[in-house]
Amino acid sequence: MSLPLPMTILELSDYNIYIGSIGLELSPLVAKGNYSQVAILVDENTRQHCLPILSKSLNADFRIIEIQAGEWHKNLDSCRHIWEEMMKYEMDRHSLLINLGGGVIGDMGGFCAATFLRGIDFIQIPTTLLSQVDASVGGKLGIDFNSIKNSIGVFQNPQAVFVDPEFLKSLPNSEIRSGFAEVFKHALIADADLWSELFKLNDLSEIDWAHILARSLRIKQHVVEADPLEKGLRKALNFGHTIGHAVESFSLKTDKPLLHGEAVAIGIVCESWLSNQAGDLSEIELKEITNFVEKIYPFYTFDETNFPEIMAYMKKDKKNRAGVINFTFLNTIGQATIDQTCDEKLIEESLLYYMANK
């Protein structure tokens, strides 16, 4: 029998992130809340693979609310189902919702909790690498609307976040790759030493996730605490996402949909090239980043005829201001600059740069 992982606790201003075996801290926290009702939000995948792990660790009665898995279900119809189930179970303002799943579950479950009866407590238990390192930290909650990602939402912090590497064992390699994009993005914008460590990897199975998750989450902790409402420094976390979100939205309407992190990896290559063109990121560093993405991620095929649709998604990005597409660029590996712009021709050339490196 394997021993529980030791717990690393990151203390934020009004909640903690617990990294390690979920059984060590969850039940005491739920008991302390003295909740009238506890419900667990799952999809068909986390109900099968993750709920049994949680059930062994949670010493409390609970209800189950199930939704369909996938980004295309992160919408108002799914929210309506969640709210209806909460009302059916007669949950009141002293109830707790535990969101057990990836970024869709965390974003949408948190949004539903934050708006139900003007707000009830919720706990995030991210089960994918992407949600463990990114989506569950920082209080950004929301859903997609009219094919625009996260265009309806709120800021609201959970009671706690539990990050247990045990859940990663059930994930396919594609999901690990997807989440890893956010890990090395954190390194690129804020931690050159972590990048040097990650750059040496040839196989993601070599990673000690408890160690890497703690380092990556400390970066996001620092950024989020300094800028909780994304008015300044926190925009650095958007590196790779302006182009990445647009490519992801485009892909979801094709027969080759990309996972979020796969699209962000494309965005990182493109926005690194734009950083180089702006005169900041060196040619050597650009090539280093490009080669690394090429080593870890399969090439995604699109062509110039798709550029207008991809640009149209970019122009609807919520980070834009006065109709101008907004970017975060790299000055050098480990240092980013927010609120950067460039013309559309350069953006299209950055996509051509990615396409030329297959």
Side-chain angles (χ1 to χ4, degrees), residues 1-12 14-67 69 82-83 85-114 116-117 119-129 131-132 135-137 139 141 156-171 209-210 213-214 217:
M1 180 182 298
S2 60
L3 295 174
L5 289 171
M7 184 70 74
T8 298
I9 301 176
L10 304 184
E11 296 182 356
L12 278 70
D14 58 353
Y15 70 98
N16 292 339
I17 304 170
Y18 300 91
I19 306 169
S21 294
I22 197 170
L24 299 177
E25 298 285 348
L26 178 61
S27 278
L29 183 67
V30 173
K32 184 178 178 181
N34 194 29
Y35 294 107
S36 59
Q37 292 265 25
V38 176
I40 301 175
L41 180 64
V42 296
D43 60 31
E44 62 269 27
N45 297 321
T46 56
R47 183 168 191 160
Q48 177 183 352
H49 298 291
C50 303
L51 187 58
I53 297 172
L54 175 60
S55 299
K56 294 176 183 177
S57 305
L58 181 58
N59 186 24
D61 294 330
F62 58 84
R63 306 277 194 169
I64 296 173
I65 301 174
E66 183 173 338
I67 61 171
I82 294 168
W83 289 321
E85 291 292 286
M86 294 165 83
M87 286 187 170
K88 183 179 77 175
Y89 293 142
E90 299 182 345
M91 295 176 70
D92 56 28
R93 296 187 69 182
H94 305 286
S95 300
L96 172 71
L97 183 65
I98 298 176
N99 299 312
L100 181 68
V104 171
I105 290 276
D107 282 358
M108 186 160 53
F111 174 72
C112 287
F116 184 72
L117 301 178
I120 66 171
D121 286 356
F122 63 98
I123 289 173
Q124 303 286 48
I125 305 182
T127 60
T128 64
L129 179 57
S131 59
Q132 288 187 351
S136 64
V137 181
L141 311 168
Q156 180 67 46
N157 285 330
Q159 295 302 297
V161 176
F162 288 86
V163 174
D164 190 340
E166 180 70 20
F167 291 122
L168 302 182
K169 295 178 181 179
S170 67
L171 297 179
W209 286 116
L213 282 166
L217 284 167

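Taking 4.5 Å as the limit, every side-chain heavy atom of Phe62 sits out of range of all side-chain heavy atoms of Val30. Ile105 has its side chain within reach of Ile67: a pair of non-hydrogen atoms, C-beta onward, lies under 4.5 Å apart. Within the 4.5 Å cutoff, the side chain of Glu25 has no heavy atoms near those of the Leu29 side chain.
Rounding to the nearest 0.5 Å gives a distance of 5.5 Å between CG of Leu100 and CZ of Phe167. Atom CE of Met7 is separated from atom CD1 of Ile22 by 8.0 Å, given to the nearest 0.5 angstrom. A distance of 4.0 Å separates CG of Leu10 from CD1 of Ile19, quoted to the nearest 0.5 Å. Taken from OG in Ser95 to CZ in Arg63, the straight-line distance is 10.5 Å, to the nearest 0.5 Å. Residue Ile40 holds its CD1 atom at 7.0 Å from CD1 of Ile125, rounded to the nearest 0.5 Å. Put simply, OH on Tyr35 and NE2 on His94 are 11.5 Å apart, with the number rounded to the nearest 0.5 Å.
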>> Evaluate Leu58 against Ile98 for side-chain contact (heavy atoms from CB on, under 4.5 Å), listing each step before the verdict.
In response: CA-CA 11 Å; Leu58 181 58; Ile98 298 176; 4.0 Å; yes
> How far apart are the C-alpha atoms of Met108 and Leu41, what are their side-chain angles, what is the distance that settles it, and do they pass the side-chain contact (heavy atoms from CB on, under 4.5 Å) test?
Replying inline: CA-CA 10 Å; Met108 186 160 53; Leu41 180 64; 5.7 Å; no
>> With side-chain contact (heavy atoms from CB on, under 4.5 Å) as the criterion, how do Leu51 and Ile64 come out once you've worked through the C-alpha distance, each side chain's angles and the decisive distance to 0.1 Å?
In response: CA-CA 10 Å; Leu51 187 58; Ile64 296 173; 3.6 Å; yes
>> Between Leu26 and Leu54, does the side-chain contact (heavy atoms from CB on, under 4.5 Å) criterion hold? Intermediate values first, please.
In response: CA-CA 9 Å; Leu26 178 61; Leu54 175 60; 3.2 Å; yes
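When all heavy atoms of Ile17 and Val163 are compared, the closest pair comes out as CG2-CG2, 4.1 Å. Considering every non-hydrogen atom in both Leu129 and Trp209, the closest pair reads CD2-CH2, 3.4 Å. When all heavy atoms of Met86 and Ile65 are compared, the closest pair comes out as CG-CD1, 3.8 Å. Here the closest heavy-atom approach between residue Ile120 and residue Met91 is recorded as CD1-CE, 4.1 Å. Taking each heavy atom of Ala113 and Leu97 in turn, the nearest pair found is CB-CD2, 4.1 Å. Here the shortest heavy-atom pairing between Val161 and Pro126 reads CG1-CD, 4.0 Å.
Listed by first and then second residue, the salt bridge (Lys or Arg N to Asp or Glu O under 4.0 Å) pairs involving residues 39-48 are Arg47-Glu66 (not counting sequence neighbours). Sequence neighbours left out, not one pair with a member in residues 49-62 passes side-chain hydrogen bond (donor to acceptor under 3.5 Å, both in side chains).
By the 30° and 60° cut-offs, the orientation of the rings of Phe162 relative to Tyr18 is parallel.
Side-chain contact check for Glu11 and Asn16: no donor-acceptor pair (N or O, by modelled atom type) lies under 3.5 Å.
Side-chain N or O atoms of Gln132 include one that pairs as donor or acceptor with a backbone N or O of Asp164 at under 3.5 Å.
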